[in-house]
Amino acid sequence: MARTYDDPCGLARALNLVGDRWALLVVRELLLGPKRFGQLRRGLPGASQSMLTSRLTELEEAGVLRRSYFGPPTGAWAYELTGVGRDLEPALLALARWGSRTELSSTTELSVDALALAMRTTFAAAPAAGLTTRVALVLDGDPLLCEIAGGALRITRAEAPAAMLDADATVETTAATWRSLIFAGARCRRRSTTVRSRCAATAGWSPTW
């Protein structure tokens, strides 16, 4: 049985549900939409299969996520956040911002969903004021739609290629390359990055690493 805090404080009660190791990272991996078990494993390579199964079961029992069957194009059982789980998003964004100010010690690469979270938490609204654009971003084959409007950034997982047809630009590369481009100021190399249509402005992202 998972350990709990014998404390009536709301924070303690929240930690009783999502305070165990990997729990909030599972929520992070589902912020952009449903995922199959194998997709969650790829996003959380440090979590063993048994550990991930345990966390998913606990989070489902807590009402944070649910396992549902999705028709085409998924055609499989997958996990998705419930409304209760979606309510954790502002807390995750705040924690990620706080954590980004601490010393970076890990040498592993960010998952696509972790990179999307980093883009949102380091987005600088002032340079993007007056900019309106839609960019299809394909990272490691995972299609995302990035929309900038009103000084805000919105990232969603594209349900189908058709969702990208009206994008102002399409950028296809690896998550590692995109991270180096927007956060480390690396130069775009055509061998590893494909850009179609006009190039999307990245002035809205302020590097913090």
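We use all heavy atoms of the structure for the numbers below, so side chains are in, but hydrogens, waters and symmetry mates are not.
Hydrophobic clustering, with ILVMFWY side chains joined whenever heavy atoms are under 4.5 angstrom apart, groups Leu32 together with Ile182. Under the 4.5 Å side-chain heavy-atom criterion for Ile, Leu, Val, Met, Phe, Trp and Tyr, Leu92 and Leu56 are members of the same hydrophobic cluster. The hydrophobic cluster containing Leu15 does not contain Leu59, counting ILVMFWY residues as joined when their side-chain heavy atoms lie under 4.5 angstrom apart, directly or transitively. Leu44 and Leu139 are members of different hydrophobic clusters when ILVMFWY side chains are connected at heavy-atom separations under 4.5 Å. Linking ILVMFWY side-chain heavy atoms closer than 4.5 Å, directly or via other members, places Ile155 and Val27 in two distinct hydrophobic clusters.
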ask   = Does the pair Arg28 and Glu89 meet the rule for a salt bridge (Lys or Arg N to Asp or Glu O under 4.0 Å), with working shown?
value = CA-CA 8 Å; Arg28 178 198 73 191; Glu89 187 169 7; over 6 Å; no
task = List the steps and the verdict of side-chain contact (heavy atoms from CB on, under 4.5 Å) for Leu24 and Val26.
result = CA-CA 5 Å; Leu24 286 180; Val26 169; over 6 Å; no
message = Determine whether Leu137 and Leu145 satisfy the following criterion, side-chain contact (heavy atoms from CB on, under 4.5 Å), listing intermediate values before the conclusion.
response = CA-CA 6 Å; Leu137 184 59; Leu145 187 61; over 6 Å; no
request  = Could you walk me through whether Cys146 and Arg134 pass the side-chain contact (heavy atoms from CB on, under 4.5 Å) test, one step at a time?
outcome  = CA-CA 6 Å; Cys146 304; Arg134 288 165 56 91; over 6 Å; no
message = Applying side-chain contact (heavy atoms from CB on, under 4.5 Å) to Val171 and Val135, what does each step give before you reach the verdict?
response = CA-CA 7 Å; Val171 180; Val135 179; 4.3 Å; yes
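Within 6.0 Å of CZ on Arg67 lie more than 12 heavy atoms contributed by other residues, nucleotides or ligands.
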Using a 3.5 Å cut-off and no angle test, enumerate the donor-acceptor pairs between side-chain atoms of residues 103-119 and protein atoms at least two apart in sequence or in another chain.
residue: Ser106; atom: OG; partner: Thr108; partner atom: N; Å: 3.2
residue: Ser106; atom: OG; partner: Thr108; partner atom: OG1; Å: 2.9
residue: Ser111; atom: OG; partner: Glu29; partner atom: OE2; Å: 2.8
residue: Ser111; atom: OG; partner: Ala114; partner atom: N; Å: 3.0
residue: Asp113; atom: OD1; partner: Lys35; partner atom: NZ; Å: 2.6
residue: Asp113; atom: OD1; partner: Arg157; partner atom: NH2; Å: 2.9
residue: Asp113; atom: OD2; partner: Arg157; partner atom: NH2; Å: 3.0

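Of the possible polar contacts, one joining the Arg13 side chain to the Pro8 backbone as a donor-acceptor pair under 3.5 Å is found. Put simply, the side chain of Asn16 gets close to the backbone of Tyr5: a donor and an acceptor are under 3.5 Å apart. A donor-acceptor pair is defined here as one N or O able to donate and one able to accept, closer than 3.5 Å; no such pair exists between the side chain of Thr132 and the backbone of Ala149. Side-chain atoms of Asp7 come within 3.5 Å of backbone N or O of Cys9 as a donor-acceptor pair. At distances below 3.5 Å, at least one donor-acceptor pair connects side-chain atoms of Arg55 with backbone N or O atoms of Arg21.
Smallest separation of non-hydrogen atoms from Ala78 and Pro34: CB-CB, 4.3 Å. For Tyr79 against Leu30, the heavy-atom pair with the smallest separation is O-CD2, 3.4 Å.
Between the side chains of Thr133 and Asp168, at least one donor N or O lies within less than 3.5 Å of an accepting N or O. Judged purely by distance below 3.5 Å, without hydrogens or angles, the side chains of Thr177 and Thr174 pair a donor atom with an acceptor atom. Between the side chains of Glu61 and Thr57, no donor N or O sits under 3.5 Å from an acceptor N or O.
Once rounded to the nearest 0.5 Å, the distance linking CH2 of Trp22 with CG of Leu52 reads 9.0 Å. Note: Phe37 CZ to Trp77 CH2 = 16.0 Å, rounded to the nearest 0.5 Å. A distance of 6.5 Å separates CG in Leu181 from OG1 in Thr173, rounded to the nearest 0.5 Å. We find the CG-OG1 distance between Leu93 and Thr121 to be 7.0 Å, quoted to the nearest 0.5 Å. To the nearest 0.5 Å, atom CZ of residue Arg154 and atom CD of residue Glu147 are 5.0 Å apart. In this structure, Met51 CE and Ser54 OG are separated by 6.5 Å, a value rounded to the nearest 0.5 Å.
Sorted by first and then second residue, the salt bridge (charged side-chain N to carboxylate O under 4.0 Å, His left out) pairs with a member in residues 38-49 form an empty list; sequence neighbours excluded.
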